[in-house]
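Here the structure is laid out as structure tokens; the discussion comes afterwards.
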Amino acid sequence: MTQDTPAASLGKTYEFKELEERWLARWHEDNCFAARMDEGRPAYTIVIPPPNVTGVLHIGHALDDTLQDILIRYHRMLGHNTLWMPGTDHAGISTQNVVERQLAKEGTDRHQLGRKAFLDRVWQWREEKGGTIIRQLKRMGFSCDWNRERFTMDEGLSRAVREVFVCLYKEGLIYKGSYIVNWCPRCHTALADDEVDHDDQDGALYHLRYPLADGSGEVIIATTRPETMLGDTAVAVHPEDERYSHLPADTAFLLPLTGRTIPLIRDTYVERDFGTGALKVTPAHDRNDYELGLRHKLDQVQIFDDQGVMNENAGAYQGLDRFECRKRIVEDLKAQGFLVKEESYRHAVGCCYRCKTVIEPYVSEQWFVSVRPLADKAVEAVKSGRIKIYPDTWYRTFYSWMDNIRDWCISRQIWWGHRIPAWICADCGGITVEMADPTACTHCGSKNITQEEDVLDTWFSSALWPFSTLGWPEQTKELAMFYPTSVLVTGFDILFFWVARMMMMGLHFMGDVPFRDVYLHALVRDKHGKKMSKSTGNVIDPLDMIAQYGADALRFTLAAFAAQGREIRLDTDRIEGYGRFLNKLWNAARFVEMHLSKEAGIKPLASGEKPGKLVHRWMLHRLNATVRETRKALDGYNFNEAASSCYQFVWHYFCDWYLEWIKKDLFSQDAGVAHEARATLFAVFESTLKLLHPIIPFVTEEIWSKLPGERGYLMLTPFPEAAPAWDDEAADREMTLLMEVISGLRTIRTTADLHPGAQIKAEILCPNGEKRALLERYRAEIMNLVKAEDLNIAASGTVPNDAGHALVQDVELVVPLSGLIDAVGELEKLTREEGKLLKELERVQGKLNNPQFTGKAPEAVVSKEREKAADLEARLAKTRESMARMRALG
RNA sequence: GGGCGAAUAGCUCAGUUGGGAGAGCAUCGGCCUUACAAGCCGAGGGUCACAGGUUCGAACCCUGUUCCGCCCACCA
């Protein structure tokens, strides 16, 4: 694939919007993101955590998918058969809520519409809005194989859901039972334990009088939910609580307001230290009371309906909302003398994670998955290392959660979702579950069967995502090639909702892990560490950021922030800062392009070739180091290190030193010199673009396309490898000295307040012959880069009093500056310097005088300390000489 | 209550086998030096939360404390 338009040169300014949109279109037209399925290549697969089909892109997706795209682009360039599987989730409750809110605005509701019409409405909504998030993901440059986009409720995935449900049911791992569940009275549905948020709220603790039935006394009981007393079926105390040991086993209480009689039970579950040590037991509306009720065979008295409205068991309170009822109950208890006291009390209240309504524990018929056997397999897969978790701090959390896992409630009393494929017989009550829709009860043959109303928990279908999207239950070639997937990248917040369940389902149905690695990134917060929320007004909208700084700038920033195990405090200033980096890269590219275009047919230096000049050898050595660092970082999911390694290389090594240094060569009349500079520059810059491409695909692709020669797509070129021929430690050492000398001379200039354009005379005193020869060799470059019209290099010499002076390594830098020296200021600085040196020297000598140190520390460390001591002493001496000169001056 | 993480420059953060404290932004000074003022050249700035311990040597390992954040379980 080569370019179809002739290369025009790069524009003067970096116009990210235009070029990003242009490349997006090109990549899609040429199908660059399509999964490759060549023989003999390793596969690399990621399934996208499917966003809510009706959602919009938020910063969490931007981060999550940027990291995935970096990995996918990297492995595509490594030559793997990459597949990034995209898709969306039907997100049962939250999508249904959105549509229900719409209906409410229109003055109607789903019950008036009926199931069929309502579902049509949701599908219609999905048709209209379902493309939004996908378009936004594409705008970020995410290179999913978009032709394969799936939806958790499309035909194929629904078939996978049916298959899994039927199998698990037949294996006895799915059952229907009565249980106390978390009930959202607003969503009218059961919620799984992990769909309940616990928010601290201010409430009250009411102390109530429960009189003994025989009138011989009373027990005081504390509760935060007084209205539930209507459903009390016992009073519980600890069996060894001496305060209540006088009460006989058959003690009964008269339930206030109702006059019902309830028994006393004794159970070790009761905390003696809390409140009065006596507990009211409401088996139908409290999870622990439910267990207690089962143990003691208590009645379950349900006192409100599925909307939180008091029912017939609430007697006079029937028809009241649960909170209204609480008020009335408190008033009545008070009026009748049953309320002893009321104290304010802050405690955690369970709330629906979707709508924040206070949930109620509620006894109902629900469907469950017996997760224990499935969970054991998942734990085993992680323990054996078949699945690795990054960062590893999550292992412990994972195990403890899996150890305490309870059966998974998979039924939801909503309409939007996969309707449970179970048919109930009205005659015999039997349940029929088959792959094909049944027409008669399998137990009694009756035709009088109806399908279960409930739908499945959203996470049921997403648990199948790694294999359902590849065509399962068909044995497709995609399934054979791309399963197990390589890595699952997501926020730690859905480790249990989703990741753990994928493990269970994958292991059970595919007989293999769904992914080899799990990379859990932190959640994005604002720069102060607060959660982003609309109400706080601290939301950073990725779409705004793209508009302001471009997708590349946002991507680079997110990568730079993605250090493992830290929360990500995103600051828009940083996005702006990295936008400047892209501008820098752009301008460097213009410079490179300008010079490469001067030589027809220029080709980059081959990886086996070694240039003659020091600066080129040094640059290639640094490039090698950067290539190694970047690969290592990406291989270990250290995205921030990859980003900062490239940043440092481009800006500070490539631009600040290399380009400045080789300018003269690039303009040289000597064709050989100019050619070597161009060829090396070309090679280094090409590799740089490749290294950066996974992080910032747009701008690198644009620049790549404008370089000389046949240009295919950068995204399809091989990722750089370090070339052994280019390793050159000596060049690195030599260049370091030269750079330090140049910086030192520049510091003298600046300190003396010299105009940047002014030429100086300088002297370098260097006792070391080898170094002196080096400096001599690069005399012209030094003079050029420090703007010296005269440079004298000698083994030794005297330093005039009125000269600027600096010391780098064992090299003295001298710049005569008659009348320009601020002797007092310099002396102050030198005095500070002397103090630092003395302190450091004392520390180092202390070490060297310690036989423990010289005896135990590795030889390399000791000799390093010796060198350091010698160096410090020399610098101290030179500093004192300088001080003497300053004193002599003024 | 249990668990986890964090505390490093004014701000946001790096610092992965313990061996001379770093970046970006911000601040100060000087520059339109023909790739780049979205820039260049310099400068200043930190008792690495606190107290002990291990070690020849600690930002890093151990113990405790303080403060912050999160997760799990919840005390009715």
Side-chain angles (χ1 to χ4, degrees), chain A residues 10 12-14 193-194 198 205 221-225 228 236 269-271 273-282 286-289 347-348 350 391 393-394 396-397 400-401 404 492-493 495-496 522-523 525 527-531 560-561 563-571 573-574 576-595 636 638 640-641 644 647-648 651-652 655-656 659-660 663 743 746-751 753-757 786-787 829 840 843-844 846-848 850-858 860-862 864-865 868 871-872:
Chain A
L10 293 161
K12 184 152 175 58
T13 52
Y14 165 49
D193 289 345
D194 47 20
H198 295 274
L205 188 60
I221 291 174
T223 179
T224 54
R225 296 193 301 156
T228 61
Y269 162 74
V270 182
E271 290 284 337
D273 299 334
F274 190 90
T276 58
L279 171 68
K280 60 191 272 311
V281 183
T282 322
D286 182 282
R287 179 164 227 142
N288 295 306
D289 292 5
H347 62 131
T393 51
W394 288 101
R396 185 194 279 262
T397 313
S400 87
W401 193 82
N404 297 314
F492 62 78
D493 53 331
L495 176 60
F496 305 120
L523 303 184
R525 299 170 178 280
K527 67 172 169 181
H528 304 295
K530 287 209 181 94
K531 259 186 185 157
F561 267 98
Q564 288 186 11
R566 264 253 208 199
E567 63 185 22
I568 295 170
R569 298 190 185 192
L570 192 59
D571 183 349
D573 286 351
R574 291 287 294 271
E576 189 186 334
Y578 288 122
R580 285 188 204 162
F581 170 69
L582 302 186
N583 188 59
K584 184 76 180 173
L585 180 68
W586 182 264
N587 282 297
R590 290 178 58 219
F591 179 82
V592 172
E593 189 223 342
M594 182 178 97
H595 284 285
N638 293 303
N640 61 317
E641 287 176 16
S644 76
Y647 184 100
Q648 172 75 15
W651 203 315
H652 300 302
C655 291
D656 288 350
L659 291 185
E660 293 303 324
K663 265 180 188 170
S743 290
R746 281 171 174 171
T747 303
I748 295 173
R749 293 185 60 110
T750 307
T751 312
D753 228 2
L754 287 180
H755 189 276
V786 302
K787 289 200 165 57
K829 236 161 80 176
E840 184 67 10
R843 203 176 63 81
V844 174
K847 269 186 174 181
L848 289 169
N850 185 343
Q852 298 276 26
F853 172 70
T854 47
K856 289 189 181 177
V861 174
V862 177
K864 207 170 160 192
E865 289 295 309
K868 199 195 293 179
D871 179 56
L872 285 168

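Quick caveat: nothing in here was measured; it's all calculated off a predicted structure. Reminder, nothing fancy here: chain letters follow the sequence lines and each chain counts from 1.
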(request) Whole angstrom is fine here: how far is it from NE2 in A/H652 over to P in B/rC41? (result) 9 Å
(message) Parallel, tilted or perpendicular: which one describes the rings of A/Y14 and A/W586, with boundaries at 30° and 60°?
(response) tilted
(message) Please pick, from B/rA76, B/rG20, B/rA35, the nucleotide with the shortest atom-to-atom distance to any side-chain atom of A/K868.
(response) B/rG20
(message) Regarding A/K12, tell me which of base, sugar-phosphate or nothing describes its non-hydrogen contacts under 4.0 Å with the strands shown.
(response) sugar-phosphate
(message) What is the distance, to the nearest angstrom, from the CZ atom on A/F853 to the P atom on B/rU55?
(response) 17 Å
(message) Under a 3.5 Å cut-off for both contacts, is B/rG24 paired Watson-Crick or G-U wobble with anything, and if yes, with which nucleotide?
(response) B/rC11
(request) Scan A/Y647 against the nucleic acid and name what it touches under 4.0 Å (heavy atoms): base, sugar-phosphate only, or nothing. (result) sugar-phosphate
(request) Verify the contact: side-chain N or O of A/K663 to OP1 or OP2 of B/rA35, cut-off strictly under 4.0 Å; return yes or no. (result) yes
(message) Are the side chains of A/V844 and A/L872 in contact, using a 4.5 Å heavy-atom criterion?
(response) yes
(request) Determine which nucleotide pairs with B/rG69, using a 3.5 Å limit on both distances of a Watson-Crick or G-U wobble pair. (result) B/rC4
(message) What's A/V281 touching, base or sugar-phosphate or nothing? Going by heavy atoms closer than 4.0 Å.
(response) nothing
(message) By the 4.0 Å heavy-atom rule, please label A/D289 as base, sugar-phosphate, or nothing.
(response) nothing
(request) Find the distance A/F591:CZ to B/rC40:P and express it as a whole number of Å. (result) 14 Å
(request) Between B/rC28 and B/rC71, how far apart are the C1' atoms? Round to whole Å, please. (result) 45 Å
(request) Let me know, please, whether A/R746 or A/T224 comes out on the 5' side of the other along RNA chain B by nearest nucleotide. (result) A/R746
(message) Using atom P in both nucleotides, what's the gap between B/rG29 and B/rC67 to the nearest angstrom?
(response) 41 Å
(message) Which is more 5' along RNA chain B, the nucleotide nearest A/A588 or the one nearest A/W651? Just name the residue.
(response) A/A588
(message) Do A/K787 and A/L754 make a side-chain contact, defined as non-hydrogen atoms from C-beta onward lying under 4.5 Å apart?
(response) no
(request) For A/D656, answer base if it contacts any base atom (sugar-phosphate contacts may also be present), sugar-phosphate if it contacts only those atoms, and nothing otherwise; contact means non-hydrogen atoms under 4.0 Å. (result) sugar-phosphate
(request) For A/S743, answer base if it contacts any base atom (sugar-phosphate contacts may also be present), sugar-phosphate if it contacts only those atoms, and nothing otherwise; contact means non-hydrogen atoms under 4.0 Å. (result) sugar-phosphate
(request) Sticking with atom P, work out how far B/rG19 lies from B/rC62, rounded to a whole angstrom. (result) 16 Å
(request) Taking atom P in both B/rA21 and B/rA58, compute the distance separating them and give it to the nearest angstrom. (result) 12 Å
(request) Classify the nucleic acid contact of A/P858 as base, sugar-phosphate or nothing, counting any heavy atom under 4.0 Å across all strands shown. (result) base
(message) Measuring only the P atom in each nucleotide, how far is B/rG10 from B/rG45? A whole number of Å is fine.
(response) 11 Å
(message) side-chain hydrogen bond (donor to acceptor under 3.5 Å, both in side chains), that's the test. Do A/R590 and A/N587 meet it? Break it down for me.
(response) CA-CA 5 Å; A/R590 290 178 58 219; A/N587 282 297; 3.1 Å; yes
(message) Considering every strand and a 4.0 Å limit on heavy-atom distances, what is the contact class for A/K829: base, sugar-phosphate, or nothing?
(response) nothing
(message) Classify A/T223 by what it touches in the nucleic acid, base, sugar-phosphate, or nothing, heavy-atom distance under 4.0 Å.
(response) sugar-phosphate
(message) Less than 4.5 Å apart, side chain to side chain, heavy atoms only: is that true for A/Y269 and A/L279?
(response) yes
(request) When you get a sec, tell me which of B/rA43, B/rC31, B/rG20 is the closest nucleotide to the side chain of A/H755? (result) B/rC31
(message) Students often get this wrong, so: under 4.0 angstrom with heavy atoms, is A/A278 touching a base, only sugar-phosphate, or nothing?
(response) base
(request) Please state whether the base of B/rA14 and the side chain of A/Q648 form at least one donor-acceptor pair under 3.5 Å? (result) no
(request) For A/L754 and B/rA43, give me the distance from atom CG to atom C1', rounded to whole Å. (result) 15 Å
(message) Measuring only the C1' atom in each nucleotide, how far is B/rC4 from B/rA76? A whole number of Å is fine.
(response) 28 Å
(message) Expressed as a whole number of angstroms, how long is the span from A/Y578:OH to B/rG39:P?
(response) 14 Å
(message) Please report the distance separating the P of B/rA9 from the corresponding atom of B/rA23, rounded so that it comes out in whole Å.
(response) 14 Å
(request) Determine the interatomic distance between C1' on B/rC61 and the same-named atom on B/rC48; round to the nearest Å. (result) 16 Å
(request) Send over the distance from A/L585 CG to B/rA35 C1', rounded to a whole Å. (result) 11 Å
